[in-house]
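Here is the structure we will look at, set down as structure tokens.
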Number of protein chains: 2
Amino acid sequence: MVDMSPRKSAVEARGTRDRIVARGMALASVDGLEGLTIGRLAADLGMSKAGVLGHFGTKQALQLAALRTASEVFTRTVWRPVEHLEPGLTRLRALFGTWADYLETERDSFPGGCLFTTASIEFDARGGPVRDFVARLFTAWRRRLAGEVRTAVAHGDLPADTDPEQVAFEVFGVFFALNQEIHLFGAADAVARTRRALDRVLAG
Amino acid sequence: MVDMSPRKSAVEARGTRDRIVARGMALASVDGLEGLTIGRLAADLGMSKAGVLGHFGTKQALQLAALRTASEVFTRTVWRPVEHLEPGLTRLRALFGTWADYLETERDSFPGGCLFTTASIEFDARGGPVRDFVARLFTAWRRRLAGEVRTAVAHGDLPADTDPEQVAFEVFGVFFALNQEIHLFGAADAVARTRRALDRVLAG
DNA sequence: CCTACCGATCGGTAGG
DNA sequence: CCTACCGATCGGTAGG
């Protein structure tokens, strides 16, 4: 571990780094991970550019740090609260609820909308570590969601001929639509529409 | 009409403008409408920056021109081919086909994926004319799609209690998911998944 | 963690 | 449609 400053302790440096990442997530949510510039981030935080960049080395490392932390927020606010629930349809529906809440209420962390959706659109036609990381996140969550569906089928909560991957594909589509509804249209009835859409996906 | 060049006729200038817009659409599809820079566009076309910008005046006008032309491509390749078909479920299903084809095969025009989806994500947390134009496009297409659903209901092709706006919301979600499937994942079975998803949306 | 700096590129303009 | 240029900002580095 390299001490980044002669003036701040390791604990203080860690706190500064966390503040940078948190602000970076919010800025990237609005302007994209490329639109997230070191200069604006520094000005926002009252720091020098070198002070910001010193914690990461490169812009790409900062982008990856923002995505990694955002994925921890997602895990904490969407997956974790339903982990203790009874496996099957109960947990699946609860998951849909925390997911919709995440898109609706995480305005402080992601004022410009879901950072993963933004990053997916922004990097899907490029190569490199950021694109790979985004693809891995979506793949992992798709797989996990399909697993929840499979469990619900095994419990007899959903028809035996349900295709878990197909359901997962459709559920992601619904949440993409919800994200647009909230941020492009500012629609008030977005969550009601989403709930109906998800019910239909499950009804098969 | 102001002649932009002492050396090119108005017809030639128009052709140049068209080439700029076509290349701009492709670049914006990959790097976004902000990532579309005058300098790269000029270098790509073997022109000077001033030569490019002279046709539009500002970058924002170029962005709007790219979106407007892209919307004409969309109308020509998605809506127009089904206009002559029998109104109702037949036309609706044909529309889904041209739409999926547009996402799958318009790789020359939009190598980085659907420009409207990109623009929606990129501008949804901002103000200004570009955001407004994108929102108007989506609103118009949502309304038109809902109208097709309403027609299908009126023809007895879909249940009387079908909610056309709800169906339109879900259909857009499916196409967002298809766009990701193609460009982030490069998935081969994306169209089959999409067809199944759309069937389920219509089955209600 | 800062100041001071680097070359490259940004959107845009003047003038022809 | 071009050359030549503007101030601002980009990511990043040197050195402390």
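Here is the naming used below: chain letters follow the sequence lines, and residue numbers restart at 1 for every chain.
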query: Can you tell which of C:dC1, C:dT13, D:dT3 lies closest to the side chain of B:L53?
result: C:dT13
- request: Sugar-phosphate atoms are those with a prime plus P, OP1 and OP2; base atoms are the rest. Using that split, label each nucleotide of nucleotides 4-9 of chain D B, S or - for protein heavy atoms under 4.0 Å, 5' to 3'.
  value: ------
Residue pairs fulfilling salt bridge (Lys or Arg N to Asp or Glu O under 4.0 Å) with at least one residue in residues 108-118 of chain A, sequence neighbours excluded: none
- request: Compare the minimum distances between each of C:dC1, C:dG11, C:dG12 and the side chain of A:M47, then state the nucleotide with the smallest one.
  value: C:dC1
statement: residues 14-39 of chain B vs salt bridge (Lys or Arg N to Asp or Glu O under 4.0 Å), sequence neighbours excluded, gives A:R126-B:D31, B:R14-B:D18, B:R23-B:D44, B:D31-B:R40, B:E34-B:K59, B:E34-B:R126
- prompt: Using Watson-Crick and G-U wobble pairs whose two distances are both under 3.5 Å, how do you write the pairing of DNA chain C as dot-bracket, with | for links to another strand?
  reply: ||||||||||||||||
query: To the nearest angstrom, how far is A:H55 atom NE2 from C:dC2 atom C1'?
result: 12 Å
Quiz: residues 46-53 of chain B side-chain donor-acceptor pairs under 3.5 angstrom, not counting sequence neighbours:
from: B:S48; atom 1: OG; to: B:G51; atom 2: N; distance (Å): 3.0

- request: Hey, could you give me each pair passing ring pair (Phe, Tyr, Trp, His ring centres under 6.0 Å) that has a residue in residues 94-122 of chain A? Not counting sequence neighbours.
  value: A:F74-A:W99, A:F74-A:Y102, A:F74-A:F116, A:W99-A:F172, A:W99-A:F175, A:Y102-A:F110, A:F116-A:W141
Separation of atom CD1 in A:I38 from atom C1' in D:dC10, rounded to whole Å: 9 Å
- prompt: In whole Å, what is the span from the NZ atom of A:K59 to the P atom of D:dT13?
  reply: 15 Å
task: Just grab all the salt bridge (Lys or Arg N to Asp or Glu O under 4.0 Å) pairs involving residues 60-75 of chain B, residues at least two apart or on different chains.
output: none
Show me the donor-acceptor pairs, under 3.5 Å and distance only, between side chains in residues 78-90 of chain A and residues at least two apart or in other chains.
from: A:H84; atom 1: ND1; to: A:P81; atom 2: O; distance (Å): 3.2

query: By side chain to side chain contact (heavy atoms under 4.5 Å, CB included), which residues pair with A:R107, not counting sequence neighbours?
result: A:I182, A:H183
